[in-house]
Amino acid sequence: MDSRRTIVLVDDLRSFVDGRSAEVARTSTAGVGLLDRYRDRRLDELWLDHDLGGDDTNWPVVEVLERVNRDGYRQLRRLASRWPHATWAVEGAAGLGAALTARLAA
């Protein structure tokens, strides 16, 4: 892995076609394990495939991120309160981003 950047990819089949190095997890369980391994360090990039083959999805990884980032969500809301008419754009708003979309719309 590139010593200057910490990149995690959770994908059952692919790696980066441009050859960049990353820690790769092929299952959601392995993805959660990588998050645990890097819990005290900064992740520069986190890439999540929408499906991991069979019935496995990245939802367990997202749930971990949601649990550990509640404080980050509160900070996001405080920052956004400066712009009372803000419009939110959430990648995957109907999929993995649905929980964040619902919270922001509330």
Side-chain angles (χ1 to χ4, degrees):
M1 189 161 67
D2 185 336
S3 62
R4 296 164 293 164
R5 302 193 44 82
T6 303
I7 302 170
V8 170
L9 169 66
V10 185
D11 191 308
D12 60 323
L13 300 172
R14 292 168 288 280
S15 296
F16 292 115
V17 296
D18 64 3
R20 84 183 93 163
S21 60
E23 289 276 354
V24 178
R26 299 294 183 199
T27 66
S28 61
T29 301
V32 168
L34 279 178
L35 288 182
D36 188 49
R37 184 184 320 160
Y38 288 104
R39 109 181 77 169
D40 296 328
R41 293 185 258 169
R42 173 189 164 97
L43 286 181
D44 294 298
E45 297 179 32
L46 174 62
W47 294 74
L48 304 175
D49 185 19
H50 71 283
D51 66 341
L52 297 173
D55 293 332
D56 197 10
T57 69
N58 261 312
W59 190 245
V61 177
V62 172
E63 287 176 326
V64 168
L65 294 172
E66 184 179 53
R67 278 194 305 272
V68 300
N69 202 24
R70 283 190 174 90
D71 288 339
Y73 174 76
R74 289 185 197 106
Q75 291 172 352
L76 174 66
R77 293 301 295 202
R78 275 195 301 274
L79 174 67
S81 69
R82 298 182 201 175
W83 300 278
H85 304 291
T87 300
W88 296 96
V90 178
E91 178 77 22
L96 290 177
L100 177 59
T101 301
R103 288 180 78 183
L104 293 173

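This structure is a prediction, so every number in the text was calculated from the model and none was measured.
Between the side chains of T27 and D56, no donor N or O sits under 3.5 Å from an acceptor N or O.
Atoms CG and CD, from L43 and E23 in turn, are 10.0 Å apart once rounded to the nearest 0.5 Å. The distance from the CH2 atom of W59 to the CG atom of L52 is 13.5 Å, given to the nearest 0.5 Å. How far OG of S21 is from CG of L9: 11.5 Å, rounded to the nearest 0.5 Å.
Heavy-atom contacts from other residues, nucleotides or ligands closer than 6.0 Å to CG of D18 number more than 12.
Results of the side-chain contact (heavy atoms from CB on, under 4.5 Å) test with V10 over V62, L48, V24 single out L48 as the only residue that passes. Just one of D11, I7, N58 meets the side-chain contact (heavy atoms from CB on, under 4.5 Å) condition when paired with W47; it is I7.
With sequence neighbours left out, D51 forms a side chain to side chain donor-acceptor pair (under 3.5 Å) with no residue at all.
Distance alone, capped at 3.5 Å, is enough to place a donor-acceptor pair between the R26 side chain and the R14 backbone. When atom types are taken as modelled, the side chain of D44 and the backbone of T6 share a donor-acceptor pair closer than 3.5 angstrom.
A pairwise comparison of heavy atoms in L34 and A25 identifies CD1-CB, 3.7 Å as the closest pair.
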